[in-house]
Enquirer: 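Have a look at this one before I ask anything.
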Amino acid sequence: MKHLNAINRKAALVVASTEADVVALQQQGGGPPQQPEKPHIPPGCSTVFSPGWEADHAGGTAGLCSPVERDLFDCHMGCFWPAQVPDQLNHAPDWTAKCAVAQKDWRKIDLVFPG
Amino acid sequence: MSALAETTSPTRQLGVGEFHTFEASGQRFAYMVPSAAVFALDDCSVAVVELLKTRPQAPEELLAALAPRFGEQTVKDAVNELHRIRAIGELAAKAPAPKVIPLKPMPIQTLVVNVTNQCNLSCEYCYEYGEDKIVDTENGSQPKFMSAETARAAVDLALRESNPGKTAHITFFGGETLMNFKVLKSTVAYARDSAKALNREVDFSLTTNATLLQPDVIDFLADERIGVTISIDGPQEIQDKFRVFSNGKGSYDIAAPKIKALLARHKTRPIGARVTLTKQTLDVKRIYKHLFEDMGFWEVGFAPVTTAPQRGHALEAGPGYDHLLEQFRQLAAEFLEASLQNRHHGFSNVRETLQEIHMGHAKAYPCGAGIGLLGVATDGEVSLCHRFAGSENHRFGSVTDGIDRAKQATFLDEHHISNKTDCATCWARPICGGGCYHEAHTRYGATTQPNLHYCEWIRGWTHTCLEIYGELAVKNPGFLRQFDGDDDEAPQRH
């Protein structure tokens, strides 16, 4: 690193742990990263789907590894249905501001109406 | 992934991540949250961060604004590096913090054994006897003194449940620890023999009010290399305000000569003073000067009294803690000055925080209680820590039945930092973890609550310690090497 200097021990660990990413990027000639070969499955995501929601092996939600409320963020950030949640970029930047912990605070997520 | 490499999306915007900036020796630093990594930033990376703080923007926009000043490639490199440590990143909803419960099995590092719940002093602010007590030690069912048999069972537990490759730490606590010196002494001998048979090491420390430090006790503590912490509040008029005998007489005249005798004789371990600060005795520099310079303690640690807010000795939320912070800052400046010249300074609050910053401890829990540290009450019941000894609601098993691992797992699940919604936006959470369980229980009636009454104080104090850390990193990095140690061996706060 040329512009940042790792000062404490944790910083040195952060630099070391991200080294592999940088090497991979350099091997690609600095171009855009390749698309991942496999679809992204968020942690705790079920591989069994019913329309619109995930289900556990029995068709319910009780047996999911993560509470269903968490999926909202997975859907929003890195998954399949970005259009189903408010447009955080332009119209609703703070819609999750009161929701620090999805499992506990999901009821506090703002309702957003199309403007 | 490179931040600037992926420029195909027209709406892609970069924003700042979570970190706290500070300046020391004319150098800008970032304390990363939640990793607790500390990085020094050069001018270009500072410019990138400052610009993104004003509003999120696309990488091309950033480049256009800063390239004339720094050159295109320099800005690209700086952006990529900042992106790599997550100081900046794509705008996105905040993902829930991963909840990582410590790996099992969780060995005990320190077992705090309350050899008695009785005390020969009657300090008004005491959490064990005062108005905020959790357990009735006067009329309760617990014995007033721990039996030798129970103490031996506690030693067995500590040896059984600690990491076989590491030293087992046993801390004697009270009440006034030395009121049960006979059992303490025999327990040390028993532990040494047991450890030897197992080819293990065992280490001891204790806390005392010093009033019972007879010559034979001092000899024993020195010969056995027992770490000693003295509870003392400062010079006579400060000490005698709260630390009194039951007849109201101050304890300074009894304690001071015995402390001097201890310091003169006990050279095998550094001896520390532990000061309780109250509204009436808030004079940090004067207390420090007396204890460090006049009395000769190796180090002095300060803590505000743990109490319900309505008590007369409680620090006032807001102004009281601001005043405390100002006093701490003044003494910390002396610590820095001494450390730049490689002189020892005994303000242990700074030293402990510097150690945590240096290692980059990112805590999911405020302290080791319930993880590597447990308390034992006089009847052998194991508790969250010594401050909860004997409390049925905070029981974690017993010395004979062992640690209640199911209760421990539930506790750790309920007390994880990710459950403390108020802490989710605080940059100091890697080092604070929501604050002392006992303080929270006394103030809010629940160990799960974050200690919101001293957030500003924690942030202010952490910022000051970060500045000191930065100064030392620039001007005397050799000083910080003393904190490179075996992380597991770092002493836990009591």
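Below, read A as the first sequence line, B as the second, and so on, with proteins coming before strands; counting in each chain starts at 1.
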Enquirer: Taking atom NZ of B:Lys53 as the centre, report whether more than 12 heavy atoms of other residues, nucleotides or ligands fall under 6.0 Å from it.
Expert: yes
Enquirer: How close do A:Asn8 and B:Val38 get, heavy atom to heavy atom, and via which atoms?
Expert: OD1-N, 2.8 Å
Enquirer: Picking from A:Lys98, A:Lys10, A:Lys2, which has the most non-hydrogen pairs under 4.5 angstrom with chain B?
Expert: A:Lys10
Enquirer: Which is it for B:Gln27 and A:Asn5 under the side-chain contact (heavy atoms from CB on, under 4.5 Å) test, yes or no, and what are the steps along the way?
Expert: CA-CA 11 Å; B:Gln27 167 77 55; A:Asn5 188 12; over 6 Å; no
Enquirer: Would you mind checking which part of B:Leu480 comes under 4.5 Å of any heavy atom in chain A, side chain (CB onward), backbone (N, CA, C, O), both or neither?
Expert: neither
Enquirer: Kindly indicate whether the side chain of B:Asn80, heavy atoms from C-beta on, has any atom under 4.5 Å from the side chain of A:His3.
Expert: no
Enquirer: Return the option, out of B:Leu82, B:Thr74, B:Ile357, with the maximum number of heavy-atom pairs under 4.5 Å with chain A.
Expert: B:Thr74
Enquirer: As a test of understanding, state which of B:His83, B:Glu81, B:Arg86, B:Arg84 forms a side-chain hydrogen bond (donor to acceptor under 3.5 Å, both in side chains) with A:Thr18.
Expert: B:Arg84
Enquirer: Need one label for B:Ala362: side chain, backbone, both or neither, based on atoms under 4.5 Å from any heavy atom in chain A.
Expert: both
Enquirer: Can you give me the closest heavy-atom contact between B:Phe39 and A:Ile7, atom names plus distance?
Expert: C-CG1, 4.1 Å
Enquirer: B:Asp422, B:Asp43, B:Asn419: which one forms the most heavy-atom pairs within less than 4.5 Å of chain A?
Expert: B:Asn419
Enquirer: Go through the steps for B:Asp42 and A:Leu4 under the test side-chain contact (heavy atoms from CB on, under 4.5 Å), then give the verdict.
Expert: CA-CA 6 Å; B:Asp42 73 352; A:Leu4 305 174; 5.7 Å; no
Enquirer: Using heavy-atom distances under 4.5 Å, tell me whether B:Thr421 contacts chain A through its side chain, its backbone, both, or neither.
Expert: both
